[in-house]
Structures are given as C-alpha cells and as structure tokens.
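Data block below; observations after.
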Amino acid sequence: MAAAEGSGGVGGPLFAGLADVSISEDIPVEGEITVPVGSHSPDDDYSTLDEPVRDTIMRDLKAVGKKFVHVMYPKKSSALLRDWDLWGPLVLCVSLALMLQGGSADSKDDGGPQFAEVFVIIWFGAVVITLNSKLLGGTISFFQSLCVLGYCVLPLTVAMLVCRLVLLAGSGTVSFIIRLIVVVAMFGWSTLASTAFLADSQPPNRKALVVYPIFLFYFVISWMILTFTPQ
Amino acid sequence: MAAVDDLKFQEFDDAANLLAANPDATTISIDEPAEIPRNQHGRLQEPGREEDDELLGTDDSDKTELLAGQKKSAPFWTFDYYQTFFDVDTYQVLDRIKGSVFPVPGKNFVRLYIRSNPDLYGPFWICATLVFTIAVSGNLSNFFIHLGKPTYHYVPEFRKVSIAATTIYAYAWLVPLALWGFLMWRNSKVMNIVSYSFLEIVCVYGYSLFIYIPTAILWIIPQKVVRWVLMMFSLGLSGSVLVMTFWPAVRDDNRRIALATVGTIVVLHALLAVGCLAYFFDAPELDFPAPIIPAHNVSTVITKSR
C-alpha cells in the first residue's frame with residue numbers, strides 16, 4: 001500500500017499516478033469490517049408488539065394518572081408538556097358533558113347545555129385559546145397547549161361531581177352556597193394550574209393577553225356547572 | 001428605546017404648530033424621511049382646517065401606507081401573516097380600551113391609538129366577553145326578578161348564548177364590512193383625504209363595544225330607569241368614538257350622504273344596545289305570573305310578552 005502512495009506524481013494530484021500502479025496479487029489484503037447495523041434485537045420487537053394488552057393499557061393509564069397528579073399539585077415540571085396526550089382531556093370532557101346532561105327544562109330551548117354543546121365549547125374553546133397564544137408569539141406547540149388546557153379541567157370535573165352529590169341532598173340556599181364555594185375554589189385552581197404550565201412559554205409583555213382567555217374559558221365552564229339544575 | 005416616545009401623538013402637534021408659523025421651513029426628522037416633501041405643500045390648506053389635520057393625521061397618511069405595506073408582507077396562507085394582526089402588547093391593548101371608554105373630543109381613535117397597527121385580539125376577545133357577559137347577566141337578572149314567585153323554576157337558558165354570539169359577532173364583522181365597502185365606493189367618486197382599511201374599521205367597532213361589558217353587568221339591577229340611563233350613557237360614549245372616527249372620512253362628501261352615513265352608524269349601534277336589553281333582560285315592572293310552566297299544568301299556559 002505504501003508503495004502505491006509513494007508512486008504518485010511529484011507535482012500533480014496525489015493519486016494521479018495510481019493509474020499505472022497495479023497491486024500484486026501476492027500481497028494479501030485482509031481485515032475485518034463490522035458495520036453497526038441498527039437492527040432491533042428480537043427482544044425489542046417482542047416487548048411492544050407482543051406484550052400483553054394489559055401492559056400497554058397500564059402504561060398509558062399510568063401516564064394519564066401521573067398527569068392528573070401534576071394538575072392537582074401544580075409544580076413547574078415539564079412532564080405535562082413534554083409527553084402530551086389527549087386521553088385525559090377526552091375522558092374529562094366526556095364525563096363533564098355526561099354529568100351536565102340531566103339539567104333539562106320543559107322546552108329544550110331554555111335548558112342547560114346539551115352534550116354536544118359542552119363538548120364543542122370545551123374543544124373549540126381550547127383550540128381558540130391555543131391559536132390565540134400561538135398568534136401572540138407563544139412557543140408552545142399546538143397539542144401541548146390542548147393537553148394542558150384539557151387536563152386542567154380536572155378540578156372542575158371534581159366540582160361537578162361534588163355539586164351533583166350536594167344536589168342529591170337538597171337544592172335550597174345552603175346547598176347553593178356550598179356549590180358556589182366549591183365551584184369558585186375549583187375555578188381558581190384550574191386557572192392557576194393552567195397558568196402555571198402555560199405562562200412560561202409566552203413573551204413577557206403579553207402574559208396578561210394570554211391568561212385572560214384562559215380565565216374566560218374556565219369561567220364559562222364554571223358557570224355551566226354552577227347553574228346546573230336537575231329536573 | 002426612545003422610538004416609543006417618538007411615536008406619541010403629541011410630537012405631531014408640535015411639528016404642525018411650528019410649520020403653521022413658518023410654512024416654508026424644511027423639516028428634518030430622522031425617522032420619517034418621507035415627510036419632507038409632503039409637509040411643504042401640505043401647508044397650503046386653509047389655516048382653519050389645522051385642527052382637522054390633527055384629526056385626519058394628514059401628515060402621516062403616507063407614512064401609514066408605507067408602514068402598512070412593510071408590515072404585511074407574508075403571503076396570506078402562511079401563519080406569519082395572521083401573526084401580524086396580533087402584534088400588540090398588553091399595555092397597547094389597555095391603552096386602546098381606555099381610548100374607547102374615554103373619547104377625547106377632537107382626537108380620532110384610529111389615528112391616535114391604532115396608528116397602522118390594527119389588531120384582531122381586541123375585537124375578538126371583547127366580543128367573546130360581551131357575549132358571555134350579556135348571557136350571564138341576563139340569566140342572573142331574570143333570576144332575581146322572578147325570585148320570590150312560587151311557580152318560578154330556574155333555567156340556565158343556555159340557548160341564548162348562541163343567539164348572543166351570532167348577533168354580536170355579526171354586528172362586529174358584517175357592519176364594518178358594509179361600511180368599508182361603502183367608504184371604498186364613495187372614495188372612488190369623491191377624493192376623500194382619509195380612508196380606513198377594513199381591519200382598522202373592525203378594530204374601532206370591536207373596541208367601541210367594550211363599554212357595553214360593564215353596562216351589561218350593571219343591567220342586572222332591576223330598575224327600568226337605571227337601565228335606560230346606563231344605556232344612554234354607554235351609547236353616548238361608544239357612539240361618539242365611532243362618530244369621531246368616521247366623520248372625517250365622509251365629511252368631504254355630499255352633505256346629505258355624510259349625515260346619512262353617520263346617522264346609520266349611530267342608529268345601528270343603538271339598535272344593538274336596545275335589542276340586547278329587550279331580548280336578554282326581562283322587564284322588571286311587568287307582572288309575570290309564570291314564565292315557565294311545568295308540563296303537567298298545560299291548562300294554565302300563559303305566554304310571556306316582551
């Protein structure tokens with residue numbers, strides 16, 4: 001090999017002289033080539049594709065549960081933001097809409113919100129708020145913001161549950177005051193939790209512009225919960 | 001940086017006064033090179049219209065068009081194009097709201113506050129807030145009015161939210177569209193000095209609706225006199241913002257058309273306020289025996305008159 005390199009032309013390109021060099025067949029050329037192939041070992045395929053269904057479901061459930069805990073005790077952790085999923089918001093939205101369902105009046109026009117209305121308000125409201133924060137220059141991604149807003153409906157769903165239980169006991173002034181306190185507290189919790197997660201990704205001189213629609217969104221949901229009257 | 005202070009309206013006052021004293025003086029301003037040739041022939045107008053120039057902002061209409069061309073350069077199918085309509089800070093939005101609630105006589109809302117940076121944040125969220133405020137306040141007021149009556153059964157009246165939303169968003173977007181089209185058409189016939197872009201008109205209308213939010217909250221008080229006084233007050237404030245914005249744009253036109261335009265603006269605004277009050281808030285003094293009748297009492301159906 002060294003002989004081949006040395007016979008290159010003096011003034012020309014380095015390997016120009018190689019054309020008239022032939023490697024003798026007597027010189028053995030041997031070695032080992034190992035190509036690091038990124039092939040999955042058989043064990044990897046097995047663990048996610050062939051694992052028991054229970055494991056798959058439990059993994060997702062644990063992720064959702066961990067996020068619920070994050071919402072109830074909001075600390076500035078990025079777990080909620082990094083691994084977004086929309087299962088939790090879906091479950092919360094459906095359960096809230098189902099619980100708001102029974103509040104009809106004699107004519108459909110004057111009753112409480114129907115299932116589809118609650119659904120649309122929550123999802124359309126979350127999309128509009130996300131678009132608003134992105135248009136104002138926020139750095140959070142679309143689905144991350146939807147995820148946070150959806151998960152922060154959890155305190156209000158708890159409030160709805162409590163309200164329905166209190167209404168089972170009676171619907172006088174005392175029950176109204178209890179419901180009012182519970183709903184106001186949960187509304188404050190929801191707004192604070194979502195602001196804690198979302199406010200950091202906004203430009204500093206527009207924070208109030210981003211927080212106000214979130215406040216309005218949870219206020220509307222709280223109003224729907226508070227004015228629920230069973231038939 | 002000092003540029004924020006330089007953009008305050010007071011600077012133009014000084015320049016205009018100085019130029020009035022000495023019409024042929026050349027003006028040198030570092031940040032507005034395009035103004036130098038304009039100022040010299042701009043001063044040939046009658047001195048009586050000087051205060052109107054402040055209203056029109058003739059000096060900076062060129063700059064406005066220049067700036068408008070520079071700002072929205074992204075094609076309309078990109079996200080950045082829509083981001084230019086949300087290029088406002090918190091203090092700017094608060095300033096614009098303040099300007100719509102306290103109209104200064106003689107100052108044009110668009111020239112003073114918008115200044116070629118119309119935003120869609122204000123109109124959209126003020127309308128959303130107004131929709132929910134009217135629905136919630138109407139519901140609360142009806143609840144308090146009918147509270148003592150034995151046959152009253154509280155209902156949330158959720159359908160009214162969608163009706164309120166349709167009305168208010170239609171008003172805040174279709175009326176500016178019609179007004180903009182009308183102004184464009186008149187501009188082609190009469191050379192108006194002032195013309196507004198569609199977004200600026202939407203902006204003015206959106207911010208002028210802000211005064212109705214506290215008004216709607218105060219309309220919970222079940223006294224007819226109080227409600228009408230509140231309505232007159234808020235109609236006066238927001239109507240004057242609209243009138244002071246659009247009067248300079250139609251003033252050069254045929255006298256009757258100008259008056260008709262401004263009159264239509266005020267009448268539509270008043271219709272919105274009166275309509276909302278009449279539809280969402282029950283009248284307090286009329287005696288409603290039973291607005292909602294349970295289904296098993298069909299024999300005593302009484303229709304509610306509004």
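From a predicted model like this one, the values you see are computed outputs, not experimental measurements. The chains referred to below are lettered A, B, ... by the order of the sequence lines, with proteins before strands, and numbering in each begins at 1.
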* Asked: Side chain, backbone, both or neither: which part of Lys134(A) has an atom under 4.5 Å from a heavy atom of chain B?
  -> both

* In terms of heavy-atom contacts, does CH2 of Trp87(A) have more than 12 from other residues, nucleotides or ligands at under 6.0 Å? -> no

* Rounded to the nearest 0.5 Å, what separation is found between the OH atom of Tyr212(A) and the OG1 atom of Thr90(B)? -> 13.5 Å

* Any idea which heavy atoms bring Phe86(B) and Leu136(A) closest together, and the distance? -> O-CD2, 3.3 Å

* **side-chain contact (heavy atoms from CB on, under 4.5 Å) between Trp223(A) and Leu140(B), worked out** => CA-CA 11 Å; Trp223(A) 176 256; Leu140(B) 270 179; 3.9 Å; yes

* Structure fact -> Under 4.5 Å to a heavy atom of chain B? For Leu209(A) that would be both

* With only heavy atoms counted, which part of Phe132(B) is less than 4.5 Å from chain A, the side chain, the backbone, both or neither? -> side chain

* Structure fact -> Whatever's closer than 4.5 Å to a heavy atom in chain A on Val136(B) counts as both

* Structure fact -> Scanning both residues in full, the closest heavy-atom pair of Arg206(A) with Asp87(B) reads NH2-OD1, 2.9 Å

* Is it the side chain or the backbone of Asn139(B) that comes within 4.5 Å of chain A heavy atoms, both, or neither? -> side chain

* To do: Against chain B, label Ile121(A) side chain, backbone, both or neither, depending on which of its atoms sit under 4.5 Å from a heavy atom there.
  => side chain

* To do: Decide yes or no on side-chain contact (heavy atoms from CB on, under 4.5 Å) for Trp125(B) and Leu216(A), but give the supporting numbers first.
  => CA-CA 9 Å; Trp125(B) 286 109; Leu216(A) 186 64; 4.1 Å; yes

* Is atom CZ of Phe76(B) surrounded by more than 12 heavy atoms (other residues, nucleotides or ligands) closer than 6.0 Å? -> no

* Could you look at Phe124(B) and say if it's the side chain, the backbone, both or neither that has a heavy atom under 4.5 Å from chain A? => side chain

* Structure fact -> Ranking Leu135(A), Thr227(A), Val128(A), Val210(A) by heavy-atom pairs under 4.5 Å to chain B gives rank one to Leu135(A)

